[in-house]
Amino acid sequence: MSQLLDNLNPEQLAAVTLSPQHALILAGAGSGKTRVLITRIAWLLQNGYCSPQGILAVTFTNKAAKEMLTRLSAMFPVNTRGMWIGTFHGLCNRFLRAHFRDAGLPQLFQILDSGDQLAAIKRLLKALNVDDEKFPPKDLQHFINGQKEAGIRPAAVEAWDDYTRRRVELYVEYEAQCQREGVVDFPELLLRSYELLERNEPIRRHYQGRFRHILVDEFQDTNVLQYRWLSLLADGGREGGASLFCVGDDDQSIYRFRGAEVGNMRDFEKDFKVGSVIRLEQNYRSHGNILDAANALIANNSKRLGKQLWTDRGAGEPIRVYEAFTDTDEARWVVEEIQSLVRDGMSRADIALLYRSNAQSRVLEHQLFSSGIPYRVYGGLRFFERQEVKHALAYLRLIANPDDDTAFTRVVNFPTRGIGARSLEVLGDAARTWNTPLYQTVPHLTGKPGAALAQFVALIERLRQETANLRLHEMVDHVIEVSGLRAHYKAEKEGQERLENLDELINAAANFSAELGAGEVPGEHGSTLAEFLAHASLEAGDHQADVGMEAVQLMTVHAAKGLEFDVVFLSGLEEGLFPHENSALELDGLEEERRLMYVAVTRARQRLYLSFTQSRMLHGQVRYNLRSRFLEEIPDGLLKWLTPPNPRRSFVSEPSTRYYNPGASKPAAPSMPPPPPQKSRDLGGLSIGQSVRHARFGDGVIVSAEGSGNDARVQVKFAEAGSKWLMLAVAKLIPV
DNA sequence: TAATCGTTGGTTTTT
DNA sequence: CCAACGATTA
């Protein structure tokens, strides 16, 4: 007991030992929020406030959920089985499996991941003969998911124009298709769960009675539906309902673009009459200068709940700033700096290269590669998203649920068995006529295509029978073999890696049943298989780790959230890139970018490098940008310039020849590249940062430029008219 | 049915 | 510039 609370600071202690009540914990970066969350659970259990069955703890990622489970069992001997700890989607899946009938779902319903969902929508549009130029599948997917995540079914969508009305019709059709096929997409997992709880009183009562303490991680990332779901489970804060313990940081809210609603924090405070907002502001990660920079930066945001990080570990090193000529030079400098760090004994794995957008990794990778520095890029294809794995899973899905048309279409002709587009069209038409899933439509067909399709159906039936008494991994193995997938990839010249991945899938199946417990009964194939398939959809797998590889870590700032490194390089600190130009179009977009910058800065433990370039290759064109305003928002005293600091102006107006002053600054990059070409003439005497007047748009400032000669365009931010790109050859811009 | 060519668009992303 | 996708061609 005493051990449990050892070494907690006063605020952490207060949060952990709060008497059962609704609470909002504002947990700053590196303030030990996970520890608080876990210790809170242990404390509640240890002091008999509730049993493990009474705990519901929810996270966003599987990684976080797993960490919570492991650390909890390490901290405190408890049967974690009874607790509901998992992701929103994982828990909703569990809930829907338990109540599939009441939820109106088949017992073995399948889960569509985003890719599957997109494929399903494409198929739908084709079947309905909808012009996918007018209704791009991706947009429709976004629309549908957006509605679902706001808790809105088609009937409740406010559609005032024809376009929206048509999209709502397609939303209806899409729902019907999913229902027919017995599949559920990600947002549907949540919405179904929510609706079932809402409308089924016995079930609602049961869960409201069961869960006494609901704990939420990364609360600032919840969307509207998730908050309503939590709220419902906690009986809206009424007497006798569960206590909601929400941990989050509004300053680290960086997922509004995917539906996160920071406003949930304020709403929660109000709706649940939260008496105690506890701030965790002591940071155990970074040195003072880094925190000061982060604090200064985020102070520029207006809509904050308010928080100030501090540390007792001393100021540490200054933040190093480097101005490069081009993106290539920037990358070159980063690599040299890394080499020097490694020479001094720094481990490569403790160094991170962060950037705003994935496209920026290319140059960095190139330089790292040619210097022979091992590196690892996060955020590519994940294991369960690989095509060979998806193919194998599709066969398994058909065994579990033949109505799954997405799976059917995926493998009906893979490996090829003479079923072409023509046959599938016939089949699709027939399916519509009979209103049956593709699989069930096959027997209705006659003729040659019918025969080939019948063979495919026979194959699936055969697989189902032959695997009925096998254990999961044997089943997977058998399916890979008999379906012809293994032979197919064996024959393919580049198929070796794919074969290995298929073997890995068999391993994954074996591990899965092992973890599930020894209780697996052969022949009960349904449920184990369905659970494995759900697992594959819900947990696409870690971004493959090169185990033991001492490698520099490359990732976007988004991907870095929650991580920390001794040394962080943040490159591309330029207007238009970071903050990203598109952010200017969105309401409060700049504040979100600033939070993103805040996240980036607070990743560093000891040393932080910030860099920007004068010119950068983007979309095949050289662009000239101002350095990021975020740089200006960090107090000068915290910065150490590795290149001479300039007034915030582009080289266009002020050629930076002074960089060539040989003795100017000692860390000047050893291989100083030639200066970028002077483009000032191309801008017709204008320069970035300059104020101009336009006859129609009024006064503004040139923010960036691209192209040259006749194609030269400048982006002008007008006081009244907003931001515009103007062709210099066309627009008359008068310097003011 | 596979290979090749041309077009298009290019923040951020977990489940 | 360059990757991903769709349409066309052998």
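Every heavy atom of this structure was used, including side-chain atoms; hydrogens, water molecules and symmetry mates were not. Here is how names work: the chains are called A, B, and so on, in the same order as the sequence lines, proteins then strands, and each is numbered from 1. It should be emphasised that the depicted structure is a prediction, and the values quoted were computed from it without experimental measurement.
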Which atom pairs, one a donor and one an acceptor, fall under 3.5 Å between side chains of residues 124-139 of chain A and the rest of the protein, sequence neighbours left out?
{"unit_1": "A:Asp131", "atom_1": "OD1", "unit_2": "A:Glu133", "atom_2": "N", "d": "2.9"}

Heteroatom pairs (N/O) under 3.5 angstrom, protein to nucleotides 9-11 of chain B:
{"unit_1": "B:dG10", "atom_1": "N3", "unit_2": "A:His619", "atom_2": "ND1", "d": "3.4"}
{"unit_1": "B:dT11", "atom_1": "O4'", "unit_2": "A:His580", "atom_2": "NE2", "d": "3.3"}
{"unit_1": "B:dT11", "atom_1": "O4", "unit_2": "A:Glu586", "atom_2": "OE2", "d": "2.9"}

- [ ] Keeping to residues at least two apart or across chains, list the salt bridge (Lys or Arg N to Asp or Glu O under 4.0 Å) pairs with something in residues 142-151 of chain A.
- [x]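 As it turns out, the salt bridge (Lys or Arg N to Asp or Glu O under 4.0 Å) pairs with a partner in residues 142-151 of chain A, which skip direct neighbours, are A:Lys148-A:Asp185, A:Lys148-A:Glu188.
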Open item on the list: Show every salt bridge (Lys or Arg N to Asp or Glu O under 4.0 Å) that has at least one partner inside residues 85-95 of chain A, sequence neighbours left out.
Closed with: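 Passing the test, one end in residues 85-95 of chain A: no pairs.
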- [ ] Determine: side-chain N/O of A:Ser114 to OP1/OP2 of B:dT15, distance under 4.0 Å, yes or no.
- [x]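 So the side chain of A:Ser114 is outside the cut-off, no N or O lying under 4.0 Å from OP1 or OP2 of B:dT15.
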Task: Any A:Arg382 side-chain N or O less than 4.0 Å from OP1/OP2 of B:dT15 - done: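 So the side-chain polar atoms of A:Arg382 do come within 4.0 Å of the phosphate oxygens OP1 or OP2 of B:dT15, strictly under.
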For [X], check side chain to side chain donor-acceptor pair (under 3.5 Å) against everything at least two apart and list the hits.
{"X": "A:Asn358", "result": "none"}
{"X": "A:Thr409", "result": "none"}
{"X": "A:Tyr207", "result": "A:His99"}

Are there any protein N/O atoms within less than 3.5 Å of an N/O atom in nucleotides 3-7 of chain C, and if so, which ones and at what distance?
{"unit_1": "C:dA3", "atom_1": "OP1", "unit_2": "A:Arg362", "atom_2": "NH1", "d": "3.2"}
{"unit_1": "C:dA3", "atom_1": "OP1", "unit_2": "A:Arg362", "atom_2": "NH2", "d": "2.3"}

Which atoms of nucleotides 8-10 of chain C (N or O only) lie under 3.5 Å from a protein N or O atom, and what are those distances?
none

Task: Pairing residues for A:Glu195 by the side chain to side chain contact (heavy atoms under 4.5 Å, CB included) criterion, not counting sequence neighbours - done: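 For A:Glu195 the side chain to side chain contact (heavy atoms under 4.5 Å, CB included) partners, ignoring immediate neighbours, are A:Arg153, A:Leu191, A:Arg199.
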Open item on the list: A:Arg595: which residues meet the salt bridge (charged side-chain N to carboxylate O under 4.0 Å, His left out) condition with it, sequence neighbours left out?
Closed with: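 Counting only residues at least two positions away or on another chain, A:Arg595 forms a salt bridge (charged side-chain N to carboxylate O under 4.0 Å, His left out) with A:Glu592.
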Please enumerate all protein N or O atoms sitting under 3.5 Å from an N or O of nucleotides 4-6 of chain B, with distances to 0.1 Å.
none

